[in-house]
Amino acid sequence: MPKVTLMFKSRDNLYYEFFIENSDVHIMNTLRRTILAETVTLAIHDVYINQNTSVIPDEVIAQRLGLIPLRVEPSELNLTEEAAAVEPDLKRLYKLTARLRLRKINTEDATKVTKVITVYSGDLESIDKKTLRPVYDNIPIVKLGPKQEIDLECIAKVGRGKDHAKFSPVSTVAYKIMPTLNVKDNCTSCGECVNACPYNCLEMELGKPVLKSLGLYNCDLCRICVRHCPEKALEIEPNNRDFIFRIKLIGQLQIDEILDQIDAIFERKLDYLVDKIEESINEYLKQTTQE
Ligand code: SF4
Ligand code: SF4
């Protein structure tokens with residue numbers, strides 16, 4: 001069974017590093033792709049512009065609004081419900097929407113010294129969900145000159161990263177395969193490989209180069225050390241068994257919510273696969289008994 005250890009967690013709970021032992025590349029890749037493309041978040045999808053006298057066209061403002069990450073508490077809107085859903089259901093999707101409003105006017109007198117104001121994501125107000133808010137309040141949307149005005153309503157809908165990148169809850173999700181070093185008997189202990197490594201990953205121990213602690217963490221398998229060995233005595237390969245898994249969240253979902261969704265998505269997909277296999281076996285058996 002794989003063993004998972006939390007190696008690092010940033011103070012803002014947005015960056016995590018896990019050390020995963022005894023797993024496999026395809027499992028890491030499934031995890032990565034599911035987090036990136038299958039998890040469900042909420043993002044602005046439709047924008048109704050009542051008034052826009054700024055210099056920015058409506059379409060550009062709508063595009064900017066769509067890219068603002070939104071957070072809603074699961075007690076008010078359960079996104080895992082959508083992640084676990086087998087088929088699209090309009091009733092459920094309608095329930096999983098939220099409305100926001102943005103109204104701002106620059107009341108400065110145009111005849112006086114020009115004063116431009118900036119409208120930020122923090123100026124968005126939720127209409128029907130108490131806990132809905134932009135993850136960051138300081139994303140600029142539009143600048144308003146004197147007497148200019150913006151007045152619009154937005155509908156936020158649920159979606160997945162595979163529909164549009166704005167729904168993805170992570171800015172980075174990646175894994176690094178741990179290296180394995182093999183030093184052959186013809187090593188002359190010259191130390192050239194140690195000097196050649198650009199990240200200082202190698203050190204000499206009992207006359208042989210070794211990868212230890214930070215070296216193991218930093219090695220990116222560039223193989224510069226291998227190319228510098230005059231005796232061709234060094235081999236370094238990915239072990240395809242141990243990994244460092246890194247996740248940088250944007251903030252729409254917390255790490256435990258992402259894990260809950262992955263659980264639901266895997267279960268749904270496996271159930272679907274098992275059902276399909278059972279169906280095809282039953283179909284085959286039916287045909288053979290008729291013959
Ligand atoms: S593969 Fe690259 S990073 Fe790793 S030990 Fe060799 S030179 Fe250093
Ligand atoms: S460069 Fe080659 S021969 Fe020299 S210490 Fe490294 S592995 Fe040994």
Side-chain angles (χ1 to χ4, degrees), residues 1-39 69 136 161-162 165 168-256 258-259 261-263 265-266:
M1 282 292 281
K3 184 179 165 206
V4 182
T5 316
L6 177 63
M7 289 171 67
F8 177 78
K9 174 166 97 70
S10 66
R11 275 199 203 160
D12 56 7
N13 292 339
L14 289 179
Y15 182 71
Y16 293 83
E17 275 188 12
F18 300 94
F19 182 46
I20 303 177
E21 294 165 88
N22 273 330
S23 191
D24 222 322
V25 175
H26 66 268
I27 295 177
M28 291 302 106
N29 211 21
T30 309
L31 207 55
R32 188 185 74 83
R33 290 180 68 95
T34 308
I35 293 173
L36 198 67
E38 299 271 354
T39 45
Y136 305 101
K162 65 182 177 187
S168 186
V170 289
S171 55
T172 305
V173 55
Y175 62 88
K176 172 184 133 82
I177 309 174
M178 300 308 282
T180 306
L181 193 71
N182 179 28
V183 186
K184 293 183 195 158
D185 291 342
N186 57 337
C187 168
T188 56
S189 308
C190 67
E192 288 212 19
C193 52
V194 176
N195 298 333
C197 175
Y199 305 113
N200 295 323
C201 298
L202 294 170
E203 54 187 270
M204 292 302 278
E205 195 176 273
L206 302 173
K208 302 272 181 202
V210 288
L211 262 174
K212 279 212 307 204
S213 55
L214 257 188
L216 210 53
Y217 179 86
N218 286 336
C219 174
D220 69 357
L221 289 160
C222 66
R223 294 190 177 87
I224 290 174
C225 52
V226 174
R227 290 198 288 278
H228 273 75
C229 175
E231 306 297 326
K232 303 218 179 314
L234 197 64
E235 286 172 354
I236 191 158
E237 294 297 333
N239 71 12
N240 292 338
R241 189 187 65 239
D242 305 325
F243 307 86
I244 293 174
F245 198 87
R246 299 177 169 128
I247 308 179
K248 174 89 175 83
L249 306 179
I250 295 171
Q252 304 102 310
L253 298 176
Q254 290 170 358
I255 190 83
D256 53 334
I258 289 189
L259 295 175
Q261 286 203 20
I262 292 172
D263 208 12
I265 293 164
F266 278 174

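Heavy atoms only: backbone and side chains are in, while hydrogens, waters and symmetry mates are out. First listed ligand is number 1; within each ligand, the first listed atom is number 1.
Tested against P179 for a side-chain contact (heavy atoms from CB on, under 4.5 Å), the candidates L221, N239, D242 yield a single pass: L221.
Among all non-hydrogen protein atoms, the one lying nearest atom 3 (S) of ligand 2 is T188 N, 3.4 Å. Distance from atom 5 (S) of ligand 2 to its nearest protein heavy atom, with residue and atom name: G191 N, 3.3 Å. Among all non-hydrogen protein atoms, the one lying nearest atom 6 (Fe) of ligand 2 is C193 SG, 2.3 Å.
Within ligand 2, the atoms closer than 4.0 Å to a non-hydrogen atom of C187 are 3 (S), 5 (S), 7 (S), 8 (Fe), numbered from 1 in the order shown. Using a 4.0 Å cut-off to heavy atoms of C229, the atoms of ligand 2 that qualify are 1 (S), 2 (Fe), 3 (S), 7 (S). Close approach to C190 involves these atoms of ligand 2, each under 4.0 Å from a residue heavy atom: 1 (S), 3 (S), 4 (Fe), 5 (S).
Within the 4.5 Å cutoff, the side chain of R227 has heavy atoms near those of the I224 side chain.
Environment of OH in Y199: sparse, with no more than 12 heavy atoms of neighbouring residues, nucleotides or ligands closer than 6.0 Å. Counting non-hydrogen atoms of neighbouring residues, nucleotides and ligands closer than 6.0 angstrom, the NZ atom of K232 reaches no more than 12 such neighbours.
Distances shorter than 2.8 Å separate atom 4 (Fe) of ligand 1 from the protein N/O/S atoms C219 SG.
Below 30°, between 30° and 60°, or above 60°: for Y175 and F243 the angle between ring planes is above 60°, a perpendicular geometry.
Looking at K184 and E235, a side-chain N of the basic residue comes within less than 4.0 Å of a carboxylate O on the acidic one, giving a salt bridge. Using a 4.0 Å cut-off between charged nitrogen and carboxylate oxygen, R223 and E237 count as a salt-bridge pair.
A donor-acceptor contact shorter than 3.5 Å links the side chain of K176 to the backbone of Y217. T34 contributes no side-chain N or O that, together with a main-chain N or O of E38, makes up a donor-acceptor pair within less than 3.5 Å.
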